[in-house]
Amino acid sequence: MIDYTLFEARPGVSEALLPDPPKFTVVAVSNDFVRTWGMSRADVIGKGHFEIFPESPLDANFTGETNLSASFEHVIHYNEPHALPPQRYNIPNGDGTFTEKYWRAYNVPVLDAQGKLIYIIHTAEDVTTLIKADQCQEKIKGIEQAYNLFLQTPAVIGVARGPEHVMELANACAYKLWGRGPEILGKPLLEGIPELKGQGVVELFDHVYNTGETYYGKAVPVTSYPNGKEEKHYFDMVYQPYYDEGSNKPAGVFTISHDVTQMVEAQQKVEESEVRFRTMANSIPQLAWMTDPSGLIYWYNDRWYDYTGTTPEEMRGWGWRKVHHPDMVEGVVHRLKKAFESGSSWEDTFLIRSKEGEYRWFLSRAVPVRKGDGTIIGWFGTNTDITEQRKIEDALKRSEEQLLLAMEGGELGYFDYDVQTDTLIWSSRTKELFGLPPDATVDYSYYLSALYPEDRERTDAAVQKALRGEVGGYENEYRVVSPADGRLRWVRAKAKAFIDESGKTYRLAGVTVDITKQKEVEEALQQSESNLRNLVLHAPVAMCIGSVPSFIVEVANDRMLELWGKRFEEIVGRPVFEVLPIAGEQELAHVIQHVYTTGEPFTAHEMPVSLHRDHMQETAYLNFVYQPIKNSDGVVTKIIAVAIDVTDQVVARKEIEESHKEFQFAMNFLPQIFWLARPDGYHYYYNKQFYDYTGLNYNETKGERWNELFHPDDQEPAWETWRHSLETGEPYEFEYRLRRHDGQYRWFLGRALPLRDETGAITKWFGTGTEIHDQKTFTEQLENMVADRTKELKQSNEDLQQFVHVASHDLKEPVRKMNFFLSRVKATLNGNRDEKTGFYLDRVQAASNRMLSMINGVLAYSTISAVEELYESVDLNLLIKNVAIDLELVMQQNDATIRFSNLLTLYGSPVMLHQLFYNLISNSLKFARVGVPPVINITTEEMELNGKAVTRIRLQDNGIGFEQEYAEKIFGAFARLHSKDKYEGAGLGLSLCKKIVERHGGTITARGKENEGTVFEILLPLNG
């Protein structure tokens, strides 16, 4: 514990305080404290320090309480002493007034045995005399500087004295604002500047003068009439009372007003641009949204909420995933995040659920919104409903905007450069703009180093030009990079060069003002206008902006120009109805006039518009919106036109409607029953023939009730067949009996085919029902007749085979005896016959041989069908060798050659195939050219014909050949192309070959050329 007696006796103005922030209760004071402040201990003990020493209302920049409280907190936190630099802390006089005082304070902790803080000893030393002496020197030094700065500062400054506010001083900016000169000095305010009456300015002077209260105003509007013309300006202003020495009553009012008209107007334009953007975004037919740089969506347009039925709370961040189709949302999120990470544009199509629960297709596009340096500040995206386009065309593929808001401007600072001493003086505000503390020392080299590199050379050149006396000063804008936080600021500096009699500059003084916010506002305005233009130019639909009332086109994207059939230079800057007079004739001018005069948007769907495009007049169908853009006063200044050309959809729909009428007419005209069913088998359409036949209506037959009209025996198999087709997609075909309106069942053939889309999915079934009752009855009768006839033919064939066998045997017997007796006659005559007798005997012998050959041929031809079909694998290589052995003698006589190798193996009858090749080779040997040895080439190959594997056999000779016109005739029975005297034979060999090939399910053809040879081509199934 502190010994209060000793504490009270210690020298200095001291207090013992409890560490109980924010009160800091006084428990003891020194005797010097009581004498200095004129207070008794009863007045202070138990009270808080700041309760005893309150804030002075006369000091607008009072920081003593804040600084002292921070020092107390330092002692509490660190348990160590803390000293404060000199602080202004005015002392109350007891009558409501304060005395200006400056103190140097020192705070010491008092700890108990455990090291816990129990008291703070606060000691203050009065240094008012020292501080005021320093201030006096600074004032004397700055009087000349202040006066010069006052006169050339780029702000409106004035001094008025007394209750009539007599003008004592005004600078050049004030004269320029009011269009007057020094003649207003010495006159009351309203006498010198009468137009101030009614603007509230005089009332502000009265208030400040009468109350002593300083007035601070932001963007205050003031109207002046320089040169007789009304001008409206906006000012950030300070009206402050000033006092005569020793007086507590204001002697007059000092005013300083900074013109912020450009900043206010720029800010108003930004606000108007924001209104235009919101209006336009809510007027486009798409769902629109914006994100922050990370991709989180923070804004949707009204159409999004109208369509999805959601709320902003539900959609916050990534909430949009709730309305995406669950099968697609993961893919959409992945692709969108990839675009955000790469900073590239994004385009995708997916399903979004409406508030009614319906999923519709949307084309979504998003583009990054960038600042001037390329930094992405967000994304602008749109979702365009393409459901109808996908249905009609199966594809229709279709953005950007973000606005920045500016901040308000800053305050004035000053600088003074003494050329002779190379001394640079900056005010605290100027140091603050450069990121320096108030006590920092600066020079010109530091000034240059703090400038943005790209501004350094230009700024130095302007300063050096003024220092050389070439100009009387300069005004410049440059960027400053703060060394403390790296922050970039824009500064406007205006300086005056003070030049001596020799023309040398001895001093350069001026003011600085922070224009960072103004620059940001200008940049935001430019970005906003750029974004607005970019949104129009890159929108996936036709868009343009026109100024009213004549709709002069300011910007139009390529889609709108394409819709108009015009080039950009033909229409921009001109009234739309001057370039497109046809539009006026179609009363669109009245629509635009209505939007302009009422401020109400106009929307049209599938409106027919006649346009002159590609040198011809054509009618287009448009969905369009005329949306007004209003300024801050609510006046329509522009109109945004958004148009979607739906001509193809409208024409396609009309064609579909017309096609549907034609289809329905054609279906009702058909004699068959016709129906349509959905992919699940639900029947939703029947033609007129169905209702005429059944005598029922649609409600009695829709869905699956058709099955009830079938004969009871046909219902289950019909349903099973139909279900099989639905499950497999195979064509449906079934014969059934259908009940007629009179109760009679008649036979029908039902058929149905599926219609598929480009992916192969079934979209609907087309079905027919053809009455086959008469055919069915006739077919049954015909089948019975065919069965009876087949039985008769079978018996007839058997009888014929028996007859042929008997007849051939009976016919061959007389021929054999004829040959026998001929040989006896020749033996009897031996060598005693004359030439004529020998000729006649040879002729008889030849005729007898031909008769025998013909009988054998007829027998083989007629019995080939009766051969039992015992099929097996047949090696053609071995078969040809055996045939060559059978014909060995003939081949030797004719010096013939058969060429073959690696022939395929066939599946067939060995006997019939042997006969086939025997006849073909014999034919080639018989019809050889005289004097030319026969050469026969045989080849085989495997090939595919009509989806089936076949063996192709080619047999080519070099004989006499034939004319191609006889290619079919040579395969006929008893067909001959040459005299039987010249070439022997019955004319049945090739006919038999054709019959054998056909028995094997194949074909045989021949190609020939006279005196060059013949090619036989045989096609046989590979596996029989």
Partners meeting side-chain contact (heavy atoms from CB on, under 4.5 Å) with Glu477 (sequence neighbours left out): Trp490, Arg492, Ile515, Lys519
task: Could you tell me how the ring of His74 sits relative to the ring of His82: parallel (under 30°), tilted (30 to 60°) or perpendicular (over 60°)?
output: tilted
field: Residues which pass side chain to side chain donor-acceptor pair (under 3.5 Å) with Asn248, listed by chain and number, not counting sequence neighbours
entry: none
message: Looking at Asp244 and Ser247, would you say the former's side chain and the latter's main chain have a donor-acceptor pair under 3.5 Å?
response: no
query: What pairs of residues pass the ring pair (Phe, Tyr, Trp, His ring centres under 6.0 Å) test when at least one of them lies in residues 189-209, not counting sequence neighbours?
result: His165-Phe205, Phe205-Tyr239
- request: For the pair Thr128 (side chain) and Tyr102 (backbone), establish whether a donor and an acceptor sit closer than 3.5 Å, ignoring hydrogens and angles.
  value: yes
query: Strictly by modelled atom types, are His233 and Glu231 linked by a side-chain donor-acceptor pair under 3.5 Å?
result: yes
- request: Using the test ring pair (Phe, Tyr, Trp, His ring centres under 6.0 Å), find all partners of Trp103 that sit at least two apart in sequence or belong to another chain.
  value: Trp37
Non-hydrogen atoms of Thr261 and Tyr234 that approach each other most closely: OG1-N, 2.9 Å
- prompt: Which heavy atom in Leu451 sits nearest to a heavy atom in Tyr478, and how many Å separate them?
  reply: CD2-CD1, 3.4 Å
task: Specify the closest pair of heavy atoms between Pro221 and Lys232, including all atoms of both residues, with the distance to one decimal.
output: CB-CE, 3.8 Å
query: Shortest non-hydrogen contact from His122 to Ala105?
result: CE1-CB, 3.7 Å
field: Main-chain N/O of Ala440 paired with Lys431 side-chain donor or acceptor, under 3.5 Å
entry: yes
- prompt: Side chains of Tyr444 and Asp460: is there a donor and an acceptor less than 3.5 Å apart?
  reply: yes
field: Main-chain N/O of Leu68 paired to Ser71 side chain as donor or acceptor, under 3.5 Å
entry: no
field: Minimum-distance pair of heavy atoms, taken over all atoms of Arg370 and Ile376
entry: NH1-CG1, 3.3 Å
query: Any idea how Trp426 and Phe434 line up, ring-wise: parallel (<30°), tilted (30 to 60°), or perpendicular (>60°)?
result: tilted
statement: Residue set satisfying side chain to side chain donor-acceptor pair (under 3.5 Å) with Ser427, at least two apart, ordered chain then number -> Thr430
- request: Mark yes or no: Lys229 above the aromatic ring of Tyr225, with NZ or CZ under 6.0 Å from the six-membered ring centre and no more than 45 degrees from the axis.
  value: no
task: Would you confirm whether the ring centroid of Tyr242 sits within less than 6.0 angstrom of the ring centroid of Phe254?
output: no
task: Please check if the side chain of Asn210 supplies one atom and the backbone of Asp206 the other of a donor-acceptor pair under 3.5 Å.
output: yes
query: Hey, are Arg507 and Asp418 close enough for a salt bridge, meaning a charged N less than 4.0 Å from a carboxylate O?
result: no
- request: Could you tell me how the ring of Phe24 sits relative to the ring of Phe50: parallel (under 30°), tilted (30 to 60°) or perpendicular (over 60°)?
  value: perpendicular
- line: Here the pair of heavy atoms bringing Pro250 nearest to Val208 is CG-O, 4.4 Å
- prompt: Which pairs with one or both residues in residues 183-199 pass side chain to side chain donor-acceptor pair (under 3.5 Å), sequence neighbours excluded?
  reply: Arg180-Glu195
